[in-house]
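Every chain is numbered from 1, with letters handed out A, B, ... down the list of sequences. Just so we're clear, the structure is a prediction, and the values are computed from it rather than from any experiment.
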Amino acid sequence: MPDNQKFFHSVYLDTDKCCGCITCIKTCPTQAIRVRNGKAHIIKEFCIDCGECIRHCPHYAKQARFDHMDALENYKYKVALPPPSLYGQFNHLDDINIILTALTMIGFDDVFEVGAAAELVSAETRKYIAEHEEPRILISTACPTVTRLIRIRFPELLDNLLPLKPPVEVAAELARQRAVEKTGLKPEEIGIAFISPCPSKVTAVRDPLGITNSSIDVVLATKEIYPLMLSAMKEAKNNPMEYCLSGKIGVGWGLTGGEAAGILLDNYIAADGIENVVRVLEDLEDEKFQMDIRFVELNACPGGCVGGVLNVENPFAASSKLKHLKKYLPVALSHPEDFPQKTDIALTDEITYEPVYMLGTSMLESINNMVRLEKIMRVLPGLDCGGCGAPTCKALAEDHIRGKGDVHSCTELLRRYYLYGEDAFEELEEENSL
Amino acid sequence: MNSNDSLHFQYVVSKDDFTHAGSASSDVKNKLKMMNVDAAAVRKVSIAMYEGEINMIIHAYGGTIDVDIYEDRIVMCLKDTGPGIANIEEAMQEGFSTAPADVINLGFGAGMGLPNMRNNSDEFNIESEVGVGTTVTMTVYFSS
């Protein structure tokens, strides 16, 4: 992966496939897409890489950037980090070791389960909760889309973020240590590859929050590894190696409620699906939960990580399969005290507010612009038709004020002008409010 | 615009409309978040106004909320023509509630409405007359 870039995004547009329809602008939870000149454009400050546009684009024009197997070529020793969601992709599977063994047959020298690291993070979370008796509700930092959403829309909740690394980063650090111990190679000669279920985790490696640099070298997509795995698994079935180090808790992290279950308390909220996540965050922000809650687990994708757009299997089928797989597993197989490698699970960097939605740089400018916004809103038809290329009339008005759009692109007002000769903006233009 | 000019919004809160309860405070919150207002002030405003909005629905047959945003502060004036409050001092006590049972079942009526409004505003004024109505004015200052 190249150097860190602020507001890097895995999600991108395949311009040739985009026909300029308004499907994606309507499904984007942060209103980060505009159609301009017949093509969709992503506003990079607003995008949180949730993948909803990829999920909904009928023309497959929204894509995710990720690495391919050849990115591992220059490493002397290659370690795969499979997430629990990967285990839910395959049919008729009753042993996780078959997947892990198959990974060693398609080009990896070793595997380190993200689920194993997840159990260590769960243990650390329990410790953190026990040591911090304050009434502050903790919000999980495992889903990078949720962290990014909080960073741009819910500044007041930044203090509530659980200051622990996501399991995938812990897995990468431990995997590298273990590989160095095993091989005697230098750390940089080890290639750590995460098999991602979503674009958001690709972004989290390139532009991490809460840590300075990611320990992951390469991010592959589940959907690209899947076909390679199928044939290898046929062979691995005959003689699976004993690699599996994740129990019920670790495997459960791939499902909504899994991380919360790992804290072994029942006063938690677990919500999945980006719209539900927004709702919970809004209510948390307004302190509307008049109940005893200690922990909030939020997953942008429906069903949790099994719902990621880089997966192959239907999220609900994958969820059922994961439940089956973890049914007879021990509660946890990875415990901090008997884990040979050690790492600091705490986040190292502060996650700070990015005020991307501001209407002005000062309060006075903001008030002036809000006055203009209200005036423009009274003129716009309020149909939220998307014809102008912005998702709502309000988004168009805000674009206009930020100098990123023009209210004259409203197709409904254009229609009225054409049919009835009404110039809706005449008055605003005269008083210089546009 | 000079500092005495304000940005004005009016919200009409209708009686017993629980499904829309909180929509006015949520709208104000979202506006403030786009306007360089510090997060702590945004939070105070949204809590104070939310409680006021709920009160208007539970006790006062609805009413109007006038919001004025200035460079340094926000003033929220909540006016209803409800039954009025006979003993304001008693109503301001934490835990004092006259909410009906159906409202309590919805999770409201803990007797924290008015105290929360006062605790989350920098200036708080309440005037009430039995049979005429109640007017609450709350001001929250922004930190520069």
- Query: So which bits of residues 396-409 of chain A come within less than 4.5 Å of chain B, counting non-hydrogen atoms only?
  - Reply: A:E398, A:R402
- Item | Distance (rounded to the nearest 0.5 Å) between B:K44 NZ and A:E156 CD | 11.0 Å
- Message: Please determine whether side-chain contact (heavy atoms from CB on, under 4.5 Å) holds for the pair A:M370 and B:I69, giving the CA-CA distance in whole Å, both sets of side-chain angles, and the decisive distance to 0.1 Å.
- Response: CA-CA 10 Å; A:M370 188 59 87; B:I69 302 172; 5.9 Å; no
Expected list for residues 273-284 of chain A: side-chain donor-acceptor pairs under 3.5 angstrom, two or more places apart:
{"unit_1": "A:N276", "atom_1": "ND2", "unit_2": "A:D272", "atom_2": "O", "d": "2.9"}
{"unit_1": "A:E282", "atom_1": "OE2", "unit_2": "A:R153", "atom_2": "NH2", "d": "3.0"}

- Got a sec: does the CD of A:E350 have more than 12 other heavy atoms crowding it under 6.0 Å? no
- Message: Can you confirm whether A:E427 is buried at CD, in the sense that more than 12 heavy atoms of other residues, nucleotides or ligands lie under 6.0 Å from that atom?
- Response: no
- Within residues 376-391 of chain A, which positions have a heavy-atom distance to chain B below 4.5 Å? none
- Considering residues, nucleotides and ligands other than B:K79, do more than 12 of their heavy atoms fall under 6.0 Å from its NZ? no
- Contact part of A:E287 toward chain B, heavy-atom cut-off under 4.5 Å: side chain, backbone, both or neither? side chain
- Query: Is it the case that more than 12 heavy atoms not belonging to B:H20 sit under 6.0 Å from its NE2 atom?
  - Reply: no
- Closest heavy-atom contact between B:L7 and A:V371? CD1-CG2, 3.2 Å
- Give me the contact list for residues 30-40 of chain B versus chain A, heavy atoms only, anything under 4.5 Å, ordered by residue number. B:K31, B:K33, B:M34, B:M35, B:N36, B:V37, B:A39, B:A40
